[in-house]
Amino acid sequence: MSSAMQQLYQQVILDHSRQRSGYGELDQPQGESFQVNPTCGDECRVQVRLDGRRLGQLGWTGRGCSISQASLSIMHEMLEGESIDDAEELGELFRELMHARGKELEPQKQEQLEDLSAFTGVAQYPARIKCALLGWMALRDAIIQAQHG
Amino acid sequence: MTSVRDVAADFPLLGRTVRGGKRLVYLDTGATAQKPAAVLEAERRFNTESNAAVHRGAHQIAEEATEAYEAARAAVAQFVGADFAEIVWTKNATEALNLVAYGFLNATLGRGGAEAEQFRLAPGDEIVVTELEHHANLVPWQELAAKTGAVLRWIPVTDEGRLDPAGFEVIGERTRIVAFTHASNVTGAVTDVAPLVQRARSVGAYTVLDACQSAAHLPIDLHCLGVDFAAFSGHKMLAPTGVGALYGRAELLDAMPPVLTGGSMVEIVTMEETTFMPPPQRFEAGTQMVAQTVGMHAAVDYLSELGMDRMAAHEHRLTQLMLEGLAEIPEVRVLGPASAEDRLAVAAFDVEGVHPHDVGQVLDDDGIAVRVGHHCAQPVHRAFGVHASTRASAGIYTTEADVEAFLAGLRRVVQFFRGG
Ligand SMILES: Cc1ncc(COP(=O)(O)O)c(C=O)c1O
């Protein structure tokens, strides 16, 4: 495989797309959001239960490419049990990374992204950015639903 | 007889490289075809020498432009086996299909007078489509049904992705319109038109043929096929984007009320009302895409010179190669007939456990351009139990080496994601 593809499909991404963390529906979600990527028909549903200002439970279902599935899986791993503020901050950072055209962010931000830094290369492929961000759009929306619904 | 290699040389874009110097293997002709130099040159020449608005004004270049525009209509009409006034320029097949649907709607709303009464739909009337359709030949009929109270019914597909003849039974006494594809952009299946036309006629229903894929790859004769309406896009048949055509049997176009209204399609306009021109002008409101029609003229000339029969034979060989190669990869399931008979050189397929986006990405890295997604045909994907697929589609310029490169690339994809 070419180095460009090794760069895009980092082991972390491949692993998460196969062993999906947090896949499944929640019992009684307080907020949920369903998002579709109209270009390919991929979809995901993200559900949350809040525990005060924390994401007490986070679950997701859906289907999509390895990029979208890994993004959701890592999102779950990094954010379940964390505060809503942290979730928003990480979401912002990830969006920033996805608009950086494949360049790394400042080292401190890159570090803060942890496993999500594996997506750096995805931002070189405009058609794939939406795949990476689909779950994060759903999460943002689900949190709003849970807070105001 | 020129070899296929020579044909590829006529297409300037095919000479470019992609993804860091790799030879482009273009297998997305089903989405849009590349253009031969002759088409590009015809457009350029028109724009540099004869550009003017058509059917308006009496100066010399307006005359030249009008002549070029109408000569293109004549050439396209001849190419698809239609009469001159039976070809209406549209921007693409989608617009052409909508034009028919909206024509029926306008007639239902009482427009077009007594002549158009034949197109009126009543609640409970039925519109029949098929599960194989591109959204362009499905959604306009859903919309028409919703607006008129007509009921949408459909012919299902077989496990192989062909229309199921047993399903032709849905065409019955209440059927007013039967809209179906001549060739599927997913399964590649070519429809046997005759039995459908016969059944539709026997109940007095109009037939609408989506000839978007067939007109680009098979010799077609619309009079011979006997359909009432047909639609196709220039860009799929080596012509520019922005031009397509609606075919309508002369007496039907004559009776159908206009859809888009405005300049260029009227006779007498008062503040109160307007009389409309006869077809095809009645359906060509506003300033038209003249250079594109000129490009389409060059495209059909180019295709005729190569010979549609010869092209179909070449593509048939590519279909065989593709299907044989795909059958050898155990993880691959082709969404469509396994045999190359009555089938276009289009292979949509599923790779077990690998999402089409990932398949396409890795092929792209090798310079191989395929389509991924649902190809604007979600229902037929659902019928195969998948949501999306990867699709390789060939054209006249595709070589056996292209197909081999694709198959080798696909084996690498399987190796990479499945490690097997
Ligand atoms: C079978 C079929 N019908 C209709 C269309 C619509 O064509 P266009 O997008 O050019 O209007 C396409 C192409 O996308 C097609 O493949």
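Every chain is numbered from 1 and lettered A, B, ... according to where its sequence line falls, protein lines coming before strand lines.
Contact annotation for residues 352-359 of chain B against chain A (heavy-atom separation below 4.5 Å, listed by residue number): B:H355, B:H357, B:D358.
The line from CD of A:Q6 to CZ of B:F416 is 5.5 Å long, rounded to the nearest 0.5 Å. In this structure, CG in B:D366 is found 9.0 Å from CE in A:M5, a value given to the nearest 0.5 Å.
Few gaps surround NZ on B:K22; more than 12 heavy atoms of other groups in view lie less than 6.0 Å from it. In this structure, A:R101 places its CZ atom where only 12 or fewer heavy-atom neighbours from other residues, nucleotides or ligands lie under 6.0 Å away. Counting non-hydrogen atoms of neighbouring residues, nucleotides and ligands closer than 6.0 angstrom, the CG atom of A:D27 reaches no more than 12 such neighbours. In A:R140, the CZ atom is not crowded: 12 or fewer heavy atoms of neighbouring residues, nucleotides or ligands sit closer than 6.0 Å.
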Please list every donor-acceptor pair under 3.5 Å in which a side-chain atom of residues 114-123 of chain A meets a protein atom from a residue at least two apart or in another chain.
from   : atom 1 : to     : atom 2 : distance (Å)
A:S117 : OG     : A:E114 : O      : 2.7
A:T120 : OG1    : A:Q110 : NE2    : 2.9
A:T120 : OG1    : A:S117 : O      : 2.5

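Highest contact tally toward chain A, considering only B:Q361, B:H375, B:Q378, B:R19, is held by B:Q361 [criterion: heavy-atom pairs under 4.5 Å].
Considering only residues two or more places apart in sequence or on other chains, A:Q147 meets the side chain to side chain contact (heavy atoms under 4.5 Å, CB included) condition with A:L50, A:R53, A:I84, A:I143. With sequence neighbours left out, A:Q47 forms a side chain to side chain donor-acceptor pair (under 3.5 Å) with A:E32.
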